[in-house]
Amino acid sequence: MEILSTLRAAWPVLRRAIRSGQLLRPQCELVQPDDDIAVSYDVEIPMPEGFVLTANVFHSRSRRAAAAADPVVMCAHPYDNHLIPALGNTPLGGPPQQYRLLPQAGGKPRFSTLASWESPDPNFWVPAGYTLVNLNLPGFANSQGPASVISAHQGECYRQAIDYVGAQPWCNGNVGLCGVSFLCISQYLAAATPDGEAAPEALKCMIPWEGVSDLYQDLVCRGGVADVGFLDFWWNTEVKESLNVSLDQYLSVEEAIPLDALARHPLYDDYWKAKAPPLENIRVPMLLCASFSDHELHTMGSFRAFEQASSPQKWLYTHRGGKWTEFYRPESLRLQREFMDHFLKGEANGFDARPQVRLEVRSSREEIHEVRWEHAWPLPNTAYDTLYLDARDTLSTQAPVEGTEVTYEGRAGHTYFEYTFEEDTEITGYAKLKVWVEARASARDPMTPEDVALCCFLDKRDRAGRSVRFYGAVGQEQDMITRGYGRAVRRELNDAASRPFHPVPLGAREQPLQSGDVVPVEIAFCPSSTFFRRGERLRLIISAIDVVHAPIFSKDTSANRGLHVLHVGGDCDSHLLLPRIARSATG
């Protein structure tokens, strides 16, 4: 049964990997590490609770022989730090298995045989004058203790490990955190300390590279629409085999495996809130990466973490490529090193004088219109244009005087609205859709549906009307600009967390529709940055299903039935709020 579950979860990407040949030709480049790098495997780190965690410590032979104390770059995860090519524990002696399954966007990552999945590469950091510590979190691989997923306990144990590492004679007392995805999430857990509690004295800075910061709102049930694909894949292919406890022991702590947790906790309750670290309690310097391409997973949470963190010194690195390609790219590594050199070595390299935001503006998947540095996010000179939905399939700057209806089939239908740019325009930031909806019975579904689930997309069209594609989540190469989801029964907003351009669902209850109900649904699109030339178009697609499928993600829209009716014009101010950047900012 477990084998069948794993195959079902992995099959969408496994089939693609077989057809493309990636299974035998992994999308990455491995290099041999520098001869000066030495490794101490399974270094035990004691926890106050009486168990030990294990870490691999990568250091310089020559500096260690000279009794040098280095600053430390550190990461923590549940993925088993023994799964590296250098130990022969990866498929066919090659890279971690994910590079055989998951497509890479915008090039092939390049790293050494000492690098585990999504971790900093010792071959970069040790020659740069650092010791690198790769930690297994409690209950995973050969670390002891209770296993959990995105928990306060993981954060506490990470903080204890940072304290221990900072006090070792081979560390100069300065520790910086670094890593991708879960290795980013674990940084939030460690740095976002409980109220009134100080961060570890040794923790001087962090580089969180794309990660959710609220599991429920970013991934599990974004906009109230459940994702039933990713967690199944992630648990079965990346987490389950690393458990160092029985499944029953895991369930005694976590109550359910990740995918099943949503069935037990369908609403945004205390279970999920406990997995959203208090970002406002992060105060250490931070270089955070947030992509405009990882809409299904990390985009929203990354920008939230940057905006809500209280760090007086924080920087944002944005891009539209693949998370792994970008993490190991030479330009990114240089920036990471300058950041660490400044905060861990005390180098006066001018990093603290750098503007806050590295902004990448794309015209298409391959065409980068501009890379520039900005002083804040969202950009201060954003003008939010209101484009009204019109029954003529258009988006208009003027609200239609007469009210009318736009209808599509509720099980798998869609409709769209277009706007043509009259001048060169940059759209950067948060977009929002407000649409008045009604559910009606149909010949196929004679009972009035109680819900309307909306899958919404912003698509760029060239002057000939052809769709312009972009990179998306997990190597997707045919994505649109951005996407958002919403459900009529989850239309209630969290007023305290919402902003005029960014609605946040409350998720505390469901409000089923009755026959004849016409209700407003506000939908947040993931942040994006896209350049349009004069005559190019923006298409808003509203659909009953996910029309641009990303591998391993699957939205549950099974509640959709009957007819979806959009009310536009008149008393129903259905509109798209679009973040236009003043031309003075684009040069």
Engineer: Would you name the heavy atoms of I37 and P33 that are closest together and state the gap between them?
Structural biologist: CD1-CB, 4.2 Å
Engineer: Would you please say whether a donor-acceptor pair under 3.5 Å links the side chains of Q478 and Y471?
Structural biologist: no
Engineer: Enter the distance from F292:CZ to T299:OG1 here, rounded to the nearest 0.5 Å.
Structural biologist: 8.5 Å
Engineer: Heavy-atom distance under 4.5 Å between the side chains of M74 and L132, does that happen here?
Structural biologist: no
Engineer: Quick check for you: to the nearest 0.5 Å, what is the distance between E44 atom CD and Y164 atom OH?
Structural biologist: 8.5 Å
Engineer: Where does the angle between the aromatic ring planes of F111 and Y328 fall among parallel (under 30°), tilted (30 to 60°) and perpendicular (over 60°)?
Structural biologist: tilted
Engineer: If you compare all heavy atoms of F51 against all heavy atoms of H153, which two are closest, and at what distance to 0.1 Å?
Structural biologist: CZ-CE1, 4.0 Å
Engineer: Side chains of Q476 and V548: closer than 4.5 Å at any heavy-atom pair?
Structural biologist: yes
Engineer: Determine the minimum heavy-atom distance between S302 and G211, stating which atoms define it.
Structural biologist: OG-N, 3.3 Å
Engineer: Which atom pair, heavy atoms only, marks the closest approach of C455 to D546?
Structural biologist: SG-N, 3.8 Å
Engineer: Answer yes when E477 and R469 have at least one side-chain N-carboxylate O distance shorter than 4.0 Å, and no when they do not.
Structural biologist: no
Engineer: Any luck finding a side-chain donor-acceptor pair between N136 and T54 under 3.5 Å?
Structural biologist: yes
Engineer: Between K314 and E307, is there a salt bridge with N-O shorter than 4.0 Å?
Structural biologist: no
Engineer: Take the angle between the ring planes of F343 and F339 and call it parallel below 30°, perpendicular above 60°, tilted in between.
Structural biologist: tilted
Engineer: Between K555 and Y485, is NZ or CZ placed under 6.0 angstrom from the six-membered ring centre and within 45° of the ring axis?
Structural biologist: yes
Engineer: What distance separates N134 CG from C178 SG, expressed to the nearest 0.5 Å?
Structural biologist: 11.0 Å
Engineer: List the atom pairs, with distances to 0.1 Å, where a side-chain N or O of residues 83-99 and a protein N or O form a donor-acceptor pair under 3.5 Å, not counting sequence neighbours.
Structural biologist:
| residue | atom | partner | partner atom | Å |
| --- | --- | --- | --- | --- |
| N89 | ND2 | H82 | O | 3.0 |
| T90 | OG1 | G94 | O | 2.4 |
| Q97 | NE2 | T237 | O | 2.7 |
| Q98 | NE2 | E238 | OE2 | 3.4 |

Engineer: Quick check: closest heavy atoms across A305 and L279, and the distance to 0.1 Å?
Structural biologist: CA-CD1, 3.7 Å
Engineer: Check for a donor-acceptor pair, side chain of Q217 on one end and backbone N or O of R222 on the other, with a separation under 3.5 Å.
Structural biologist: no
Engineer: Please report the interatomic distance CG(N81) to CG(N56), rounded to the nearest 0.5 Å.
Structural biologist: 3.5 Å
Engineer: Can you measure from SG (C205) to CE (M340) and round to the nearest 0.5 angstrom?
Structural biologist: 4.5 Å
Engineer: For H59 versus V57, what's the shortest heavy-atom pair and its separation?
Structural biologist: ND1-O, 3.8 Å
Engineer: Look at R483 together with E296 and state whether they make a salt bridge at an N to O cut-off of under 4.0 Å.
Structural biologist: yes
Engineer: Hey, does the side chain of D121 reach the backbone of S112 with a donor-acceptor pair shorter than 3.5 angstrom?
Structural biologist: yes
Engineer: Kindly say whether I481 contributes a backbone atom to a donor-acceptor pair with the side chain of R320 at under 3.5 angstrom?
Structural biologist: yes
Engineer: Indicate yes or no: at least one non-hydrogen side-chain atom of Y130 is less than 4.5 angstrom from one of V72.
Structural biologist: no
Engineer: For Y268, which residues count as a ring-ring contact (aromatic ring centres under 6.0 Å, His included) partner, sequence neighbours excluded?
Structural biologist: Y216
Engineer: Would you say N244's side chain and S143's backbone share a donor-acceptor pair under 3.5 angstrom?
Structural biologist: yes
Engineer: Test salt bridge (charged side-chain N to carboxylate O under 4.0 Å, His left out) on R362 and E370; report intermediate values, then the result.
Structural biologist: CA-CA 7 Å; R362 291 230 177 185; E370 183 180 13; over 6 Å; no
Engineer: Would S246 and D248 count as a side chain to side chain donor-acceptor pair (under 3.5 Å) if you check the C-alpha gap in whole Å, the side-chain angles of each, and the deciding distance to 0.1 Å?
Structural biologist: CA-CA 5 Å; S246 70; D248 285 343; 5.3 Å; no
Engineer: Please list, chain by chain and in numerical order, all residues satisfying ring-ring contact (aromatic ring centres under 6.0 Å, His included) with W170, sequence neighbours excluded.
Structural biologist: none
Engineer: Tell me every residue that passes ring-ring contact (aromatic ring centres under 6.0 Å, His included) with H77, counting only those two or more places apart in sequence or in another chain.
Structural biologist: Y79
Engineer: Going by side chain to side chain contact (heavy atoms under 4.5 Å, CB included), name the residues that satisfy it together with E331, two or more places apart in sequence or in a different chain.
Structural biologist: Y317, R329, R334, R358
Engineer: Between T325 and G322 (side chain of the first, backbone of the second, donor and acceptor by atom type, cut-off under 3.5 Å), is there such a pair?
Structural biologist: no
Engineer: Are the side chains of V474 and I552 in touch, meaning some heavy atoms are under 4.5 Å apart?
Structural biologist: yes
Engineer: Distance under 6.0 Å and angle within 45° of the ring axis: does K275 meet both against Y271?
Structural biologist: yes
Engineer: Quick check on the 6.0 Å ring-centre criterion: do W377 and W315 meet it?
Structural biologist: no
Engineer: If a pair satisfies salt bridge (Lys or Arg N to Asp or Glu O under 4.0 Å) and one of its residues is in residues 210-219, list it, with sequence neighbours excluded.
Structural biologist: D218-R304
Engineer: Quick one: does H549's side chain have a donor or acceptor within less than 3.5 Å of a partner on F553's backbone?
Structural biologist: yes
Engineer: Between H369 and E360, is any side-chain donor less than 3.5 angstrom from a side-chain acceptor?
Structural biologist: no
Engineer: Determine whether more than 12 heavy atoms belonging to other residues, nucleotides or ligands lie under 6.0 Å from atom CZ of R15.
Structural biologist: yes
Engineer: Which class fits the ring pair W235 and Y250: parallel under 30°, tilted 30 to 60°, perpendicular over 60°?
Structural biologist: tilted
Engineer: Is there a donor-acceptor pair under 3.5 Å between the side chain of D260 and the backbone N or O of A263?
Structural biologist: no
Engineer: Backbone N or O of G321 within a donor-acceptor pair of the S293 side chain at under 3.5 Å?
Structural biologist: yes
Engineer: Sub-3.5 Å donor-acceptor pair from the side chain of S148 to the main-chain atoms of S151, do we have one?
Structural biologist: no
Engineer: Would you give the length of the straight line joining atom OG1 of T113 to atom CD of Q32, rounded to the nearest 0.5 angstrom?
Structural biologist: 4.5 Å
Engineer: Is there a donor-acceptor contact under 3.5 Å from the side chain of S363 to the main chain of I368?
Structural biologist: no
Engineer: Looking just at side-chain N and O atoms, do Q104 and W324 make a donor-acceptor pair shorter than 3.5 Å?
Structural biologist: no
Engineer: Answer yes or no: is there a side-chain heavy-atom contact under 4.5 Å between P138 and L53?
Structural biologist: yes
